[in-house]
J.: 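Below is one structure. I have some questions about it.
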Amino acid sequence: MQQTRLRFPPSPTGYLHIGGARTALYNWLFVKKTGGKLILRIEDTDADRSTEESIAGIVEGLEWLGIDWDEGPYFQTDFSGDHRRAAEKLLEERKAYHCFCSKEELEKKREAALAAKQNFGYDGTCRHLTDGEVEEKQQAGHPSVIRFKVPEREGRIGYDDEVLGRIESSYEEIDDFVIVRSNGSPLYLLCNVVDDIRDRISHVIRGQDHMTNTVKQLLLYEALEASIPVFAHIPLTLDTKKAKISKRSHGEIVAVQFYKEHGFLPWAFNNFLVLLGWSPGDDREIFSREELIEAFSLDRINKSASIFNYRKGDPKFFTDPKAIAINEHYLRTIPVEELAPLVKDVLIDYNLWQDDYDHDRHQWFLDTIDLIRSRFHVLTDFATLGKAYFSDQYEIEAKPLNKNLLKHPGLKQWLPELADEYENLTDFSLEQTERLARACAERAEVKPGVIINGMRTVVTGQLAGPSMFDILVTIGQDKVVSRLRNTPQLFPEGS
RNA sequence: GUCCCCAUCGUCUAGUCAGGUCCAGGACACCGGCCUUUCACGCCGGCAACACCGGUUCAAAUCCGGUUGGGGACGCCA
């Protein structure tokens, strides 16, 4: 088999959303699997809607995911000469024709047909214009588009889809479609095919919303005397109401950027995306990059649409619970050395980073991450829930404050006393800190939990966390002593 | 209105092509238990699905037909 060549051709009319990212991922995986090349082609022929900002966002999203490409980015508009020549050729060979129907006329016809519950497709008004008539209209200055002339044939045309199987359509059901606008700029159906031919694309992996385009494009390949690539139409991703997900109706939650900003690990997110419509056939769900490339294949892509299980306003899950679960899995299982740079980026963003975490305190940094990560869901939790480990400016949350501190006024006295004892420790260890804490509880005649959870509140501001004595040793003698001494100030004035 | 595609737990899915090993397996979520100074992690257990109707067959989640439901396309968008 010749080298496989695939492309990811986003239109730069918005950010990269999860459906597009998944398409890119499937293309990328197939390329890696087959040792081929991936081409990034920006399909910017819609001048009105394409933006620089969108291009930058898409590239940034792909880079974050780690989906790299071998050629490009190419810009479709840079090849408009190719597209025009192809249209010209089709015109000359009488495989296409000028159509003078105005947009308004067509729109009117379409609406009328819709209202009358009639079929609405192009009626072929200009299909049989003679050369003379065309000449005449052009002389008169009437604008025209170029339409592809669907061959008048009996029977059906079709192809074998790698995911869906045999897909066919009758010739008579295909309308003559526009390939060049009246302003001379070529349209998607044509550009896409011309570019795929030029880029020697061997496999087209795209969403099922392109299925009906494919039949039209088959005709274009034939007319342009090119061989057709292998097609694989992957299922769409819908929302919980089974509507197509879109930036328009779902906003940030479907943008790849959102997951970057909310502390997802890039590979974890890929791992989530790949499972939306593909499975390896065994019980595995977590894959390393290499494992996934090895396991991936087109014939295990599902036919039916999957649902992105996001419920707006869900108090517990801010996005699909499975996405979070996979992220958590990686967060607590990857080697801490791999996690550290990602945590570093977050701490930098939140202004919590200190350079010695990379030098003198590097081991401390790794140990701390390892200590606290099992309770976290996303990377940003290190900077929010974990703030007390990296800064003295942490919040004391209301719940632990009330439940574990204010409820036991004696703590106002006990904890500063304990602070004194901790200050005098020459061996600030797990054993010694625990021994003194338990002794303190005994003197106060309360359960050890009262002292321990009181300390937890004062030292971390949190209701829950790792073993208290691990925390003490990690945060360090000086800070613990000063935080514990601060206890009285957490009580309301005069209490 | 026309054409096309799809249909297994709440969600992601295995099983469908080569019918029996499936009164349907895994994961997430949910519920219970163990562990424990808290909360997690971890471990153990539980709940939960073959859309419907007919046909073929000794045997159907699996094959065939229909129904229903869902999705997509029908643009001088991509």
J.: Classify A/Leu187 by what it touches in the nucleic acid, base, sugar-phosphate, or nothing, heavy-atom distance under 4.0 Å.
T.: sugar-phosphate

J.: If the C1' atom of B/rG20 is compared with that of B/rA59, how far apart are they to the nearest Å?
T.: 6 Å

J.: Walk me through whether A/Tyr389 and A/Tyr394 qualify under ring-ring contact (aromatic ring centres under 6.0 Å, His included).
T.: CA-CA 9 Å; A/Tyr389 296 87; A/Tyr394 54 96; 9.2 Å; no

J.: Strictly by Watson-Crick or wobble contacts shorter than 3.5 Å, is anything paired with B/rA7, and which nucleotide is it?
T.: B/rU68

J.: Check every strand shown and say whether A/Pro466 touches a base, only sugar-phosphate, or nothing at a heavy-atom separation below 4.0 Å.
T.: base

J.: Across all strands shown, which nucleotide pairs with B/rA61 by Watson-Crick or G-U wobble geometry, both distances under 3.5 Å?
T.: none

J.: Check this for me, if you would: do A/Arg127 and A/Asp176 make a salt bridge, where the nitrogen-to-carboxylate-oxygen distance has to be below 4.0 angstrom?
T.: yes

J.: Validate the cation-pi geometry between A/Arg22 and A/Tyr26: distance from NZ or CZ to the six-membered ring centre under 6.0 Å, angle to the ring axis within 45°.
T.: yes

J.: What nucleic acid atoms does A/His233 come within less than 4.0 Å of, heavy atoms only: base, sugar-phosphate, or nothing?
T.: nothing

J.: Of A/Ala323 and A/Ala464, whose closest RNA chain B nucleotide lies nearer the 5' terminus?
T.: A/Ala323

J.: Scan A/Gly165 against the nucleic acid and name what it touches under 4.0 Å (heavy atoms): base, sugar-phosphate only, or nothing.
T.: nothing

J.: C1' atom, B/rA24 versus B/rA73: distance in rounded Å?
T.: 35 Å

J.: Only pairs with both distances under 3.5 Å count, Watson-Crick or wobble alike; so what is the partner of B/rU37 in this structure?
T.: none

J.: Heavy atoms of chain A, cut-off under 4.0 Å: which first and last nucleotide of RNA chain B, 5' to 3', fall inside that, if you could look?
T.: B/rG1 to B/rA78

J.: Could you tell me if A/Asp199 and A/Tyr74 have a donor-acceptor pair between their side chains, going purely by distance under 3.5 Å?
T.: no

J.: With rounding to the closest Å, how many angstrom separate the C1' atoms on B/rC52 and B/rA61?
T.: 14 Å

J.: Take A/Phe79 and A/His83 through the ring-ring contact (aromatic ring centres under 6.0 Å, His included) test and state the conclusion after the steps.
T.: CA-CA 7 Å; A/Phe79 296 93; A/His83 309 140; 7.1 Å; no

J.: Among all residues two or more places apart in sequence or in another chain, which pass the side-chain contact (heavy atoms from CB on, under 4.5 Å) test with A/Ala86?
T.: A/Leu190, A/Val194, A/Leu224

J.: Applying side-chain contact (heavy atoms from CB on, under 4.5 Å), name anything that partners A/Arg284, two or more places apart in sequence or on another chain.
T.: A/Pro280, A/Asp282, A/Phe287, A/Ala295

J.: Using a 4.0 Å heavy-atom cut-off, does A/Glu43 contact any base of the nucleic acid, only the sugar-phosphate backbone, or nothing at all?
T.: sugar-phosphate

J.: NA contact type, A/Ser11, heavy-atom cut-off 4.0 Å: base, sugar-phosphate, or nothing?
T.: sugar-phosphate

J.: When you compare B/rA51 with B/rA14, how far apart are their P atoms, in angstrom units rounded to a whole number?
T.: 14 Å

J.: Under 4.0 Å, counting only non-hydrogen atoms across every strand here, what does A/Lys303 touch: a base, just sugar-phosphate, or nothing?
T.: sugar-phosphate

J.: With heavy atoms under 4.0 Å as the rule, sort A/Phe317 into base, sugar-phosphate or nothing.
T.: sugar-phosphate

J.: Using a 4.0 Å heavy-atom cut-off, does A/Gly465 contact any base of the nucleic acid, only the sugar-phosphate backbone, or nothing at all?
T.: base

J.: Just to be sure I understand the rule, does A/Asp46 reach a base, reach only the sugar-phosphate, or reach nothing, if contact means heavy atoms closer than 4.0 Å?
T.: sugar-phosphate

J.: By the 4.0 Å heavy-atom rule, please label A/Arg284 as base, sugar-phosphate, or nothing.
T.: nothing

J.: Given that both distances must come in under 3.5 Å, which nucleotide forms a Watson-Crick or G-U wobble pair with B/rC23?
T.: none

J.: Can you tell me, in whole Å, how much space there is between the C1' of B/rA48 and that of B/rC31?
T.: 12 Å

J.: Let's go through A/Thr125 and A/Lys109 carefully: what are the C-alpha distance in whole Å and the side-chain angles of both, what is the deciding distance for side chain to side chain donor-acceptor pair (under 3.5 Å) to 0.1 Å, and is it a yes or a no?
T.: CA-CA 12 Å; A/Thr125 304; A/Lys109 283 186 185 177; 3.3 Å; yes

J.: Take A/Asn302 and A/Phe376, find for each the nucleotide of RNA chain B with the closest heavy atom, and name the residue whose nucleotide sits nearer the 5' end.
T.: A/Asn302

J.: Can you tell me, in whole Å, how much space there is between the P of B/rU67 and that of B/rC4?
T.: 14 Å

J.: How far does the P atom of B/rG33 sit from the matching atom of B/rA40, given to the nearest Å?
T.: 13 Å

J.: For A/His210 together with A/Tyr188, are the ring centres under 6.0 Å from each other?
T.: yes

J.: Using a cut-off of 4.0 Å on non-hydrogen atoms, how would the nucleic acid contact of A/Arg41 be classed: base, sugar-phosphate, or nothing?
T.: nothing

J.: Look at all strands and tell whether A/Asn213 reaches a base, only sugar-phosphate, or nothing, counting heavy atoms closer than 4.0 Å.
T.: base

J.: Taking B/rA49 as the reference, what is the distance to B/rU11 when you measure between their C1' atoms (whole Å, please)?
T.: 12 Å

J.: Return the nucleotide paired to B/rC47: Watson-Crick means purine N1 to pyrimidine N3 with N6-O4 or O6-N4, wobble means G-U with N1-O2 and O6-N3, both under 3.5 Å.
T.: none

J.: Hey, does A/Ile324 reach any base, or is it just sugar-phosphate, or nothing, if we go heavy atoms under 4.0 Å?
T.: nothing

